[in-house]
Amino acid sequence: MTKSDVLSKQDCLEAISTLGVVGFLEKYRAELIQELKSVKQKLVWIHGAGCSGCTMSFLNCDHELLGTILRNECIIYHKTLLEQSGFFLGGIPVRVPEINIEYYLKDIEKTGGYVLVVEGALVEGPDNSGKYCLIGGETVKERIVKAANKAKVIMTLGTCASCGGIPGDRRSENVVRDFPGLIFRGVADRTIILNEHGITKPVVDLPGCPPKPEQILAMLALLLLDKLQFPEDSNMLDKYLRFKMIKGG
Ligand code: SF4
């Protein structure tokens, strides 16, 4: 493959299946950087209940690839990575979180079509109100469901987002009920929680606490660069919605 060639979906899948994610990222590093420099697809990253360790893991990935994603402003919303995921007034960032969260994210949602990464469990407690976790006067549950409704594809990142993880551990039935994953409620209930909220957008799950940096980067690159598309590639997901070639861990 010459430098001018576009990195094909087949190239990516073959490399991942034969070399693993680390080998894939090494082999096609230059091509991935090239494509990520001009990719128009945007990424919205929302946190539920978690420790942000998945974000920390992502930050440990290949810094040139990470830098390309950040410099190209692929990530348009991430409350900790982007110090100001919001508005500027007269060139000065508006430092009122409520304004940024309430209005900026609503603005993004109007356009839709982004890759949505959800890190952390969905907060449904107490009594299904979601009020254990409020941002800018709105429950995180509402925030995630609204953002998910307008996404092109949703990636649940980490075990918390997948099945509740540490916030939704099995200390009691209440805890499991109050902090489900977006996909599963605890390890026993295989309900797709997002479906309960009327979300029918495709979901790819990358569990792990946290998933490895290379797994996160490779998965995001495939989604951002449209190397994985849905519903066409649904057969590449297993019954737990994990991409069979990158199952996390
Ligand atoms: S999956 Fe693990 S690392 Fe990621 S947010 Fe949850 S507890 Fe933290």
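Because the structure is predicted, anything quoted here is derived from the model rather than measured.
- In this structure the side chain of Val123 never reaches within 4.5 angstrom of the side chain of Asp178, judged on heavy atoms.
- The nearest pair of heavy atoms linking Leu220 to Phe58 is CD1-CE1, 3.8 Å.
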Assess whether side-chain contact (heavy atoms from CB on, under 4.5 Å) is satisfied between Lys201 and Asn149, documenting all intermediate values. CA-CA 7 Å; Lys201 296 297 169 77; Asn149 260 322; 5.7 Å; no

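- Note that the CG atom of Leu36 and the CD atom of Glu31 stand 11.5 Å from one another [nearest 0.5 Å].
- At a threshold of 4.5 Å between non-hydrogen side-chain atoms, the residues Leu65 and His63 do not count as touching.
- Ser8 and Asp11 are linked by a side-chain donor-acceptor pair at a separation below 3.5 angstrom, with hydrogens and angles left out of the test.
- Both Leu224 and Met236 sit in one connected hydrophobic cluster of ILVMFWY residues. Membership requires side-chain heavy atoms under 4.5 Å apart, directly or through other members.
- The number of heavy-atom neighbours closer than 6.0 Å to CG of Asp127, taken from other residues, nucleotides and ligands shown, is 12 or below.
- A salt bridge links Asp226 and Lys152; the closest N-O separation between the charged side-chain nitrogens and carboxylate oxygens is under 4.0 Å.
- Ring geometry, His47 versus His78: the interplanar angle exceeds 60°, so the pair is classed perpendicular (tilted spans 30 to 60°).
- Using a 4.5 Å cut-off on side-chain heavy atoms (C-beta onward), Cys163 and Ile183 make no contact.
- Between the CD1 atom in Ile154 and the CG atom in Leu194 there is a gap of 5.0 Å [rounded to 0.5 Å].
- Rounding to the nearest 0.5 Å places CE of Met219 at 10.5 Å from CE of Met245.
- Salt bridge Glu119/Lys79: absent, no basic N to carboxylate O contact under 4.0 Å.
- In this structure, Ile193 is a member of the same hydrophobic cluster as Tyr240, with clusters built from ILVMFWY side-chain heavy atoms closer than 4.5 Å.
- Between the side chain of Ser17 and the main chain of Leu13, a donor-acceptor pair closer than 3.5 Å is present.
- One finds the NZ atom of Lys146 at 14.0 Å from the CG atom of Leu116 (value rounded to the nearest 0.5 Å).
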Determine, stepwise, if the pair Glu14 / Lys9 fulfils salt bridge (charged side-chain N to carboxylate O under 4.0 Å, His left out). CA-CA 9 Å; Glu14 275 177 19; Lys9 175 176 175 173; over 6 Å; no

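- Residues forming a side chain to side chain donor-acceptor pair (under 3.5 Å) with Glu64 (at least two apart in sequence, or on another chain): Arg29.
- In plain terms, the two heavy atoms of Pro210 and Gly53 that are nearest each other are CB-O, 3.7 Å.
- The only member of Ile33, Leu25, Leu217 that meets side chain to side chain contact (heavy atoms under 4.5 Å, CB included) when paired with Asp62 is Leu217.
- When each of Pro180, Cys51, Cys160 is tested with Pro167 by the rule side chain to side chain contact (heavy atoms under 4.5 Å, CB included), just one qualifies, namely Cys160.
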side-chain contact (heavy atoms from CB on, under 4.5 Å) between Asn72 and Lys37: does it pass, once the steps are laid out? CA-CA 6 Å; Asn72 189 31; Lys37 270 183 187 168; 5.7 Å; no

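- With 3.5 Å as the limit, one finds no donor-acceptor pair spanning the side chains of Glu142 and His197.
- Tyr77 is connected to Val145 through a chain of hydrophobic side-chain contacts under 4.5 Å among Ile, Leu, Val, Met, Phe, Trp and Tyr, so both are in one cluster.
- The minimum heavy-atom distance linking Tyr114 with Glu109 is given by the pair OH-CG, 3.6 Å.
- In this structure, Pro211 and Ser57 approach most closely via the heavy-atom pair O-OG, 2.6 Å.
- Scanning both residues, Asn128 and Lys141, for their nearest heavy atoms gives O-NZ, 2.8 Å.
- Looking only at distances, a side-chain donor or acceptor of Gln41 sits under 3.5 Å from a matching main-chain atom of Gly113.
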Please step through side-chain contact (heavy atoms from CB on, under 4.5 Å) for the pair Phe230 and Val204, ending with a clear verdict. CA-CA 10 Å; Phe230 297 95; Val204 180; 3.5 Å; yes

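- In this structure, Glu73 does not pair ionically with Lys42, as no charged nitrogen and carboxylate oxygen lie closer than 4.0 Å.
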Could you give me the CA-CA distance, side-chain angles and deciding distance for Leu66 and Leu59, then say whether side-chain contact (heavy atoms from CB on, under 4.5 Å) is met? CA-CA 7 Å; Leu66 174 66; Leu59 293 180; 4.0 Å; yes

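- Side chains of Phe243 and Asp233 form no contact here, defined as non-hydrogen atoms less than 4.5 Å apart.
- A distance of 12.0 Å separates NZ in Lys247 from CG in Leu206, rounded to the nearest 0.5 Å.
- A distance of 11.5 Å separates NZ in Lys150 from CD1 in Ile108, rounded to the nearest 0.5 Å.
- Among all heavy-atom pairs drawn from Cys209 and Thr159, the shortest one is N-OG1, 3.9 Å.
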Kindly determine whether Glu138 and Lys131 satisfy salt bridge (charged side-chain N to carboxylate O under 4.0 Å, His left out), including the steps that lead there. CA-CA 8 Å; Glu138 198 164 18; Lys131 288 187 177 168; over 6 Å; no

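- Linking ILVMFWY residues whenever their side-chain heavy atoms come closer than 4.5 Å, directly or via other members, leaves Leu182 and Val176 in distinct clusters.
- There is no path of hydrophobic side-chain contacts, each under 4.5 Å, that joins Leu19 to Tyr28.
- Leu225 places a side-chain heavy atom less than 4.5 Å from the side chain of Leu32.
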